[in-house]
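Take a look at the structure below.
These values consider heavy atoms only, across backbone and side chains, with no hydrogens, waters or symmetry-generated copies. Numbers for residues simply follow the sequence, beginning at 1.
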Amino acid sequence: MMKKRKGYPVYPVSAAQKFHFFYLDHCPNKAVVNIGVSLTIEAELDFELLREMIFEAYRRSESMRVQFAQDKDGSWYQYVVDEVDQEVPFVDFTGKSMEEAEDTMKQWTYVPFKRCDSPMTRIVMIKMPDGFCGVYLLADHLIMDAQSLICFLRDVIELYCSKVYEDVAYPKDMASYIEQLKKDLAYEAGSKAKEKDAAFFEKIITASEPIYNGITGPERLEAERNRRNDPNLRAAVNISDSVDAALDIFHLEGEPTKRLMDFCSEQHISLACLLILGLRSYFQKVNGNDDVSINTAIARRATLKEKRCGGTRIHSFPFRTVIPKERTFLEALTEIRELQNEMFRHANYDPVSYFAYRSKYYKVPAGLTYEPMSLTYQPMTLKENGLEKLGDIHYKTKWYQNGATTQGMYLTVMHRPEDNGLDFNFEHQIKAVSKEELEYLYYYLCKIMFKGIENPNLTIGEILKLV
């Protein structure tokens, strides 16, 4: 007999959700799992119709109706309600400055969700001071990641447009969140695939111990070695005693971005590989190690059903490369691509198990890590399909920080709607990493990437000398 909550079948949380619960438990600021974003277009909107289409989009998406509850022993489970019982208010910022409007939305993003038996998203229809109209969406990372957020917003737009424009068709159905969740839970329950994936990651972990590379050099590792009187220690503290966070954004223009993208398509590699190579080469330069490890996020949305089922599917694993300076830029890129493809094949494995196994194997003292940062590249944009049917309507997206992070530094690279240039969004603990340090990292990251794509047959060592 299946357990029910309020008449709805209940399910355990997935590995991706466990990962969020894991750091949420350790974070005093519960807004750490909030994702806030606004999407506005340069058009007058019929807000009554828009509200109707938002509720229609909720009806079409199981993942947007997920709620959580807790067992007596404190473990969480989830269920999907039939109807979303919440308001979709309208806020008119006309007469305010852009700064005031954005500040208000930032404040909204600071407010954590009630976690028990309560909706995990909030939508406000907005009219901005510059006349652009649209929505602000706040979602909990436990039920949404960047890809499902973009997917849901696109659905709202396409539903609205299908009502307003004759030549825009009603969008295809979303995929079932529950169906996908059941597959994930079957995998977790001890499948052959899980055994294979565990073996793959255990082999990587036991091969040899990684080493920590600091953003400005080896000072943190040296300090930790001195503190513990252990000259062979390879892990360090990467965070401060405060989770207070800032978001610093650096913009790469459309034209240089296109040069990077063109190089990637000629060489059949993803921009993520180029970013990883640029970042690891920077750490190699300032720390003097050929061995560099950073956390990278894997979206786990290979199939059409995975792309359209919503929810949160990101698994984040350390991506370690040992690349000697004699290797050419192109050889290094190929090596990264091969390793990344291999990791993708095993990415359903639970990252919490990965980190637990590694800590135990190398007896890593609590609070220490080998990775100085995390990287996510978000290739998906709203431009891809749906919006170009509207001709030249301009639109803007803006992400709002939630004010907290449990990581020292988290870089999300995304495409800007205005010119398809890249935004480098550095979310960082204010006390762990300074804006000046990020500027320095960003400056060298770009120099390494551009020098590399212009001279792919130079060695890493030669490139690092030239920059």
Once rounded to the nearest 0.5 Å, what's the spacing between atom OH of Tyr362 and atom CG of Leu368? 15.5 Å

Out of curiosity, Lys305 NZ to Cys309 SG, how far, rounded to the nearest 0.5 Å? 10.5 Å

Can we say [X] and [Y] salt-bridge, meaning some charged N sits less than 4.0 Å from an Asp/Glu carboxylate O?
X	Y	answer
Asp173	Arg60	yes
Lys6	Asp82	no
Arg320	Asp291	yes
Lys194	Asp197	no
Asp25	Lys30	no
Asp85	Arg65	no
Asp184	Arg300	yes
Glu224	Arg227	yes
Arg416	Asp423	yes

Looking only at atom types and distance, does a side-chain atom of [X] sit under 3.5 Å from a main-chain N or O of [Y], one as donor and one as acceptor?
X	Y	value
Glu62	Val80	no
Arg225	Leu233	yes
His20	Leu142	no
Gln86	Thr121	yes
Gln284	Ile323	yes
Thr206	Glu202	yes
Ser75	Asp71	no
Glu179	Ser176	no
Glu306	Ala302	yes
Asn34	Tyr110	no

Please tell me whether [X] and [Y] form a close aromatic pair, meaning their ring centres lie under 6.0 Å apart.
X	Y	answer
His141	Phe21	no
Tyr354	Phe317	yes
Tyr11	Tyr77	no
Tyr349	Phe201	yes

Just checking, is any N or O donor in the side chain of [X] or [Y] under 3.5 Å from an acceptor N or O on the other one?
X	Y	value
Gln429	Asp244	no
Tyr444	Ser281	no
Ser353	Arg358	no
Tyr370	Glu209	yes
Glu219	Thr216	yes
Ser63	Ser61	yes
Tyr410	Thr405	no
Gln17	Gln78	yes

Could you check whether the rings of [X] and [Y] sit parallel, tilted or perpendicular, using 30° and 60° as the cut-offs?
X	Y	answer
Phe19	Tyr23	perpendicular
Phe250	Phe426	perpendicular
His415	Tyr377	perpendicular
His346	Phe200	parallel

Side chain to side chain contact (heavy atoms under 4.5 Å, CB included), that's the test. Do Val292 and Leu279 meet it? Break it down for me. CA-CA 9 Å; Val292 179; Leu279 287 164; over 6 Å; no

Got [X] and [Y] here, is their nearest side-chain heavy-atom distance under 4.5 Å?
X	Y	value
Ser148	Arg301	yes
Phe424	Leu275	yes
Thr40	Tyr136	no
Ile35	Asp145	no
Ser38	Trp108	no
Arg220	Asn238	yes
Leu260	Leu271	yes

Under the criterion side chain to side chain contact (heavy atoms under 4.5 Å, CB included), I'd like the reasoning laid out for Val364 against Phe355: C-alpha separation, chi angles, the key distance, then a yes or no. CA-CA 10 Å; Val364 184; Phe355 287 108; over 6 Å; no

